[in-house]
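Remarks on the structure that follows.
Along the sequence shown, residues are numbered consecutively beginning with 1. On a predicted model such as this, the values are computed, not experimentally measured, just so you know. Excluded from the calculations below are hydrogen atoms, water molecules and symmetry mates; all remaining heavy atoms, backbone and side chain alike, are included.
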Amino acid sequence: MPRRPAPDERLRVMPWWLVPVGLLLAVLLGWLVLDWLLGEADRAAQPDTRATLRVDAIRTGLTVVAGTGGGLALLLAGRRQWISERAQRHQETVDARDQAHRERAQAHTEAVAEAAQRHQDRQAEAAEHDAAERRVTELYTRAVELLGSDNPAVRLGGLHALDRLGQDNPAQRGTIVAVLCAYLRMPAPDDDARETEVRRTAQRALTRHLHADDDAWWPGVSLDLTGARLDAFDASGCTLVDADLRGAVCAGTTRLTGATVRGRLQLVAATFDELVLDGLTGDAEVLLDDARCTGGISLDRAELRGGLSARGAILGRFSARGVTFHQPASFDGARFTDGASFREAVILGGLALDHAEFAGDADFRAARFADLALFRWTVFRDGAWFERARFEGPVNLGRATFHGPVTFGGATLTQRPLVDRVRASASAAHVWPEGTAVSALDDDWLLLTDP
């Protein structure tokens with residue numbers, strides 16, 4: 001197979017001298033053939049035959065010359081056709097290259113124009129962003145300046161300005177919440193009604209944006225109110241994530257009714273006049289260690305999927321009716337300064353009341369203890385009611401002291417409770433679990449012992 005020329009191979013022109021050389025070769029070939037044939041014809045014996053052969057020889061020689069010339073002509077015609085095709089292919093290649101070059105040039109021009117447009121758009125966006133940032137910074141600075149005014153009315157204006165700024169600029173919400181919390185953490189003068197109103201407005205500005213079902217919700221923010229002074233703080237229905245009220249001083253009624261808590265709800269060492277946690281839900285760990293509630297604390301119908309710890313807390317009137325504890329709840333060392341009710345509570349993760357003290361009635365009627373129940377060294381200064389309670393796990397009353405009546409009437413126990421050295425008042429009526437060994441310690445006390 002002949003080699004196919006490359007598309008960019010240069011076309012070569014046939015030299016002019018090849019034509020006369022080809023003609024000369026054709027004549028020479030014809031002459032040689034004619035001479036050889038005439039020589040053969042002269043060998044004939046008869047004159048007539050010789051003449052005929054000479055004529056045929058001349059005709060054959062001329063035919064060879066003509067055929068060779070025709071072959072050369074065909075060769076030249078084929079070369080012209082080949083050159084024409086080569087030229088056409090070359091022109092097509094050149095045209096294709098020109099078209100590709102034009103397309104590349106057009107694409108480059110369009111790419112340059114598009115890049116220039118993008119650059120202009122970025123510059124415009126950057127300018128607009130810078131302008132917006134400057135405007136937000138100016139508004140924020142102005143609002144903070146208003147918040148630092150000595151005039152309560154001006155401070156109210158600063159609070160509303162911050163609230164509006166955060167509503168319009170989501171990126172600033174975390175900073176604004178931090179500023180509002182810091183304001184509430186600052187010392188406040190006592191008995192200043194105007195400052196109290198300013199602080200209540202700051203509290204409402206925070207809690208207004210913590211309702212997950214509201215258009216004004218600010219997701220992803222948490223409250224840092226460590227050591228804050230709050231007045232009638234109301235976060236009912238809010239969603240609180242890692243809310244921190246450690247050491248806070250909360251005047252009036254603090255309400256988290258129906259709130260949803262995530263992460264941790266830290267109320268450690270906080271002080272409350274009254275605390276309402278009715279209907280509280282969520283998976284947060286609720287920490288009330290060393291808290292002090294001089295009034296009442298209510299957990300009615302709350303459902304806590306995280307743990308509850310109130311170790312060392314001082315609690316006033318306590319109500320946890322219908323509460324559900326999915327994780328262990330600990331009141332070790334807590335003091336209930338008034339009555340305490342766990343009536344109809346569902347305690348799935350265990351309850352610890354070691355070293356706790358009940359100043360009033362302790363009501364556990366119809367409560368369900370699905371796990372361990374610990375009342376070791378617990379002091380009951382008034383009645384202790386366990387009627388219709390269900391104890392599905394171990395119960396330990398070791399060294400508990402009952403100053404008032406105790407009744408387990410109608411209670412269900414899956415195993416005998418541990419009552420080692422339990423003391424009960426001899427002057428009160430008691431109903432103990434079946435099989436409990438009771439003896440008189442002295443004139444005032446009864447002693448319970450394990451068999």
Side-chain angles (χ1 to χ4, degrees), residues 256-257 267 274-281 286-289 291 293 295-397 400-414 417 422 430-431 433:
L256 278 74
T257 306
L267 308 174
E274 188 167 0
L275 178 60
V276 180
L277 304 174
D278 293 345
L280 189 73
T281 61
V286 180
L287 302 177
L288 275 161
D289 297 339
C293 185
I297 176 171
S298 178
L299 272 165
D300 291 347
R301 297 173 302 281
E303 184 170 359
L304 301 182
R305 298 187 178 277
L308 171 68
S309 179
R311 296 183 177 92
I314 299 176
L315 308 174
R317 184 179 63 259
F318 183 83
S319 178
R321 297 189 59 164
V323 70
T324 301
F325 295 123
H326 290 266
Q327 297 296 327
S330 175
F331 294 88
D332 290 344
R335 289 177 55 198
F336 298 86
T337 60
D338 203 337
S341 175
F342 289 85
R343 181 178 291 198
E344 299 174 355
V346 178
I347 305 167
L348 302 176
L351 178 67
L353 283 158
D354 290 347
H355 297 281
E357 181 177 346
F358 292 87
D361 284 345
D363 186 358
F364 294 93
R365 292 183 177 96
R368 177 191 171 198
F369 298 84
D371 207 330
L372 184 65
L374 300 177
F375 298 91
R376 297 173 298 184
W377 291 280
T378 305
V379 177
F380 298 87
R381 299 200 175 275
D382 209 329
W385 314 101
F386 296 93
E387 295 173 306
R388 303 185 309 281
R390 289 182 57 192
F391 295 91
E392 301 173 5
V395 182
N396 194 332
L397 297 165
T401 302
F402 296 91
H403 291 266
V406 183
T407 177
F408 282 83
T412 302
L413 294 94
T414 58
V422 169
H430 308 294
V431 179

So, do [X] and [Y] sit near enough that their side-chain heavy atoms are less than 4.5 Å apart?
X      : Y      : result
Val395 : Phe386 : no
Leu348 : His326 : yes
Leu288 : Leu315 : no
Ile347 : Phe364 : no
Phe331 : Leu308 : yes
Val346 : Glu303 : no

Atom pair [atom1]/[atom2] of [X] and [Y] - distance to nearest 0.5 Å:
X      : Y      : atom1 : atom2 : answer
Arg368 : Arg390 : CZ    : CZ    : 5.5 Å
Leu280 : Asp300 : CG    : CG    : 12.0 Å
Ser341 : Leu299 : OG    : CG    : 11.0 Å
Arg321 : Glu344 : CZ    : CD    : 6.0 Å
Leu304 : Leu277 : CG    : CG    : 8.0 Å
Phe318 : Asp338 : CZ    : CG    : 12.5 Å

Would you call Asp354-Arg376 a salt bridge at under 4.0 Å N-O? yes
For this output row, return yes or no: ring centroids of Phe325 and Phe342 closer than 6.0 angstrom. no
Quick one: do the Ser309 and Asp289 side chains pair a donor with an acceptor below 3.5 Å? yes
Fit a plane to each ring of Phe380 and Phe358, take the angle between them on a 0 to 90° scale, and name the class: parallel (under 30°), tilted (30 to 60°) or perpendicular (over 60°). parallel
If you look at every heavy atom in [X] and [Y], which pair is closest and at what distance?
X      : Y      : answer
Ala334 : Ala310 : CB-O, 3.7 Å
Gly404 : His430 : O-CE1, 3.3 Å
Pro405 : Trp385 : CG-CH2, 3.9 Å
Gly383 : Asp361 : N-OD1, 3.1 Å
Arg305 : Gln327 : O-CG, 3.1 Å
Gly349 : Asp371 : C-CB, 4.0 Å

Testing Leu353, Asp332, Leu351, Asn396 one by one against Leu374 for a side chain to side chain contact (heavy atoms under 4.5 Å, CB included), which residue passes? Asn396
